[in-house]
J.: 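Would you mind keeping the following structure in view while I ask a few things?
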There are 2 protein chains.
Amino acid sequence: MATTELTATITDAEWRVMRIVWTLGQADSHTIIDLLVRQHDWKPATIKTLIGRLVKKGALGTTKDGRQYIYHPLIAEQAAMDTALATELNQMCAMCRGKAFVHAIDETELSQDDIQTLISHLQKKLTTAPTAVSCDCLPADYEGSC
Amino acid sequence: MATTELTATITDAEWRVMRIVWTLGQADSHTIIDLLVRQHDWKPATIKTLIGRLVKKGALGTTKDGRQYIYHPLIAEQAAMDTALATELNQMCAMCRGKAFVHAIDETELSQDDIQTLISHLQKKLTTAPTAVSCDCLPADYEGSC
DNA sequence: ACTCCACGTTTACAGTTGTAAACTCAATTT
DNA sequence: AAATTGAGTTTACAACTGTAAACGTGGAGT
């Protein structure tokens, strides 16, 4: 049941499948298909394809249960989320990430506990934070270096 | 110079081009190509393709300057970042977004000002925050509803 | 005026992704 | 035992991406 590090990335459509399995802990294809058909306009065949790809890329594991399989996650949900978010942020200008966080936090519904955790992490972070983070969009040696 | 709302999405490789133009405000292709060749192992031809695609999808505008073009952004950097981040977050379980933020903030270098802005936004947000945010990975009516 | 250069455009091509039908078998039903 | 069902696998196919070469043409240099 140890979750592994994933090499390949999970695509948008595949995320929908993973979320079902993450939330249920494990599920057979009938359950996954049934739930996703209700959430999207996907045909069962589409969902079968996605499940197959996730198994092939090592995001889902299988256990034989009589005639069918039970699928379970081979990667942790929080780890996948952290990686996806970090990848997205790393592609953006370092100087602008702070403002992006502000906007994202304004727009995201967060629980009181989450907010308090964030505040305390930020307060600790403040003690060692730099005065400014500089733009990293140009080569370091560029004349107008931002 | 008014930045527009973008229909199509900017791909990872295209982001690199946009960051150059955003940072410089405007640039001719020679400058863009020169800078990106130094940052990546891209051939000039590759960068020309990316510029062309960005113009076609309305992310970059052109101004004729004698024999060549000057490119300038048609979408705002911060808006693009906000949209990209929101899209990424919306694909994740609502219940887990808070923890994802904590991890992302721990791993991101932020300036003192940014941190203080975040803290104050969070403190204000705390006053109206729900006790908990529930998982939205399954259809609302599902038996085991998370 | 002729040549060359370089800028933007066209074409190329394999891999990924979204979307889905068709097919293969083992198991269940009649 | 034959027919049916349904789970997983194969095949399909267009659009999007990353990566890049080839091409056409209007100026710059001679």
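The sequence lines fix the lettering, A, B, ..., with proteins before strands; numbering per chain opens at 1.
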J.: What is the 5' to 3' range of DNA chain D, first to last nucleotide, that sits under 4.0 Å from any heavy atom of chain A?
T.: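 Answer, 5' to 3': dA7(D) to dA12(D).
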J.: Which nucleotide in the list dA22(C), dT10(C), dT19(C) gets nearest to the side chain of T49(A)?
T.: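 Comparing dA22(C), dT10(C), dT19(C) against the side chain of T49(A), the answer is dT19(C).
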J.: Can you tell me the distance, in whole Å, between the CD1 atom of I51(B) and the C1' atom of dT10(C)?
T.: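 Value for this atom pair: 16 Å.
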J.: Heavy atoms under 4.0 Å, any strand shown: does D28(A) hit a base, just sugar-phosphate, or nothing?
T.: nothing
J.: Is any side-chain N or O of T11(A) closer than 4.0 Å to OP1 or OP2 of dT16(C)?
T.: no
J.: Over how many whole Å does the gap from Q68(A) atom CD to dA27(C) atom P extend?
T.: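 In whole Å, dA27(C) P and Q68(A) CD are 12 Å from each other.
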J.: Salt-bridge test for E109(B) and R97(A): reply yes if a basic N is under 4.0 Å from a carboxylate O, no otherwise.
T.: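 Salt bridge absent between E109(B) and R97(A).
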J.: Within the structure, does a side-chain N or O atom of R67(A) lie under 4.0 Å from either OP1 or OP2 of dT28(C)?
T.: yes
J.: Using whole Å, report how far NE2 of H30(B) lies from P of dG8(C).
T.: 11 Å
J.: Please compare G66(B) and K43(B) by the position of their nearest nucleotide in DNA chain D and report the one closer to 5'.
T.: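 The residue closer to the strand's 5' end, by nearest nucleotide, is K43(B).
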J.: Name the closest nucleotide to the S29(B) side chain, picking from dC7(C), dG18(C), dT19(C).
T.: dC7(C)
J.: Rounded to the nearest Å, what distance is computed from the CD1 atom of residue I33(B) to the P atom of nucleotide dA6(C)?
T.: 12 Å
J.: Give me the ring orientation class for H40(A) and W42(A): parallel if the planes are under 30° apart, tilted from 30 to 60°, perpendicular past 60°.
T.: parallel
J.: Indicate whether any N or O donor in one side chain lies under 3.5 Å from an N or O acceptor in the other, for D114(B) and T117(B).
T.: no
J.: When the distance from NZ of K48(A) to C1' of dC23(C) is rounded to whole Å, what number comes out?
T.: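 Checked: the NZ to C1' distance equals 10 Å.
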J.: Take the protein atom OH of Y69(A) and the nucleotide atom C1' of dA26(C), then report the distance between them rounded to whole Å.
T.: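 It works out to 12 Å between those atoms.
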J.: Quick one: do the T31(B) and D28(B) side chains pair a donor with an acceptor below 3.5 Å?
T.: yes
J.: Is R19(B) salt-bridged to D136(A), cutoff N-O under 4.0 Å?
T.: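 Salt bridge: yes.
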J.: Count the heavy atoms belonging to other residues, nucleotides or ligands that lie under 6.0 Å from NZ of K56(B), then report whether that count exceeds 12.
T.: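 Atom NZ in K56(B) is not packed in, count stays at 12 or less.
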J.: With rounding to the nearest 0.5 Å, note down the distance linking CZ in R16(A) to CG in L35(A).
T.: 12.0 Å
J.: dT19(C) base to R53(A) side chain: any donor-acceptor pair below 3.5 Å?
T.: yes
J.: What's the CH2-P distance between W42(A) and dA21(C), to the nearest Å?
T.: 15 Å
J.: Could you check how far NZ of K56(B) sits from P of dT10(C), rounded to whole Å?
T.: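 The distance from NZ of K56(B) to P of dT10(C) comes to 8 Å, rounded to the nearest Å.
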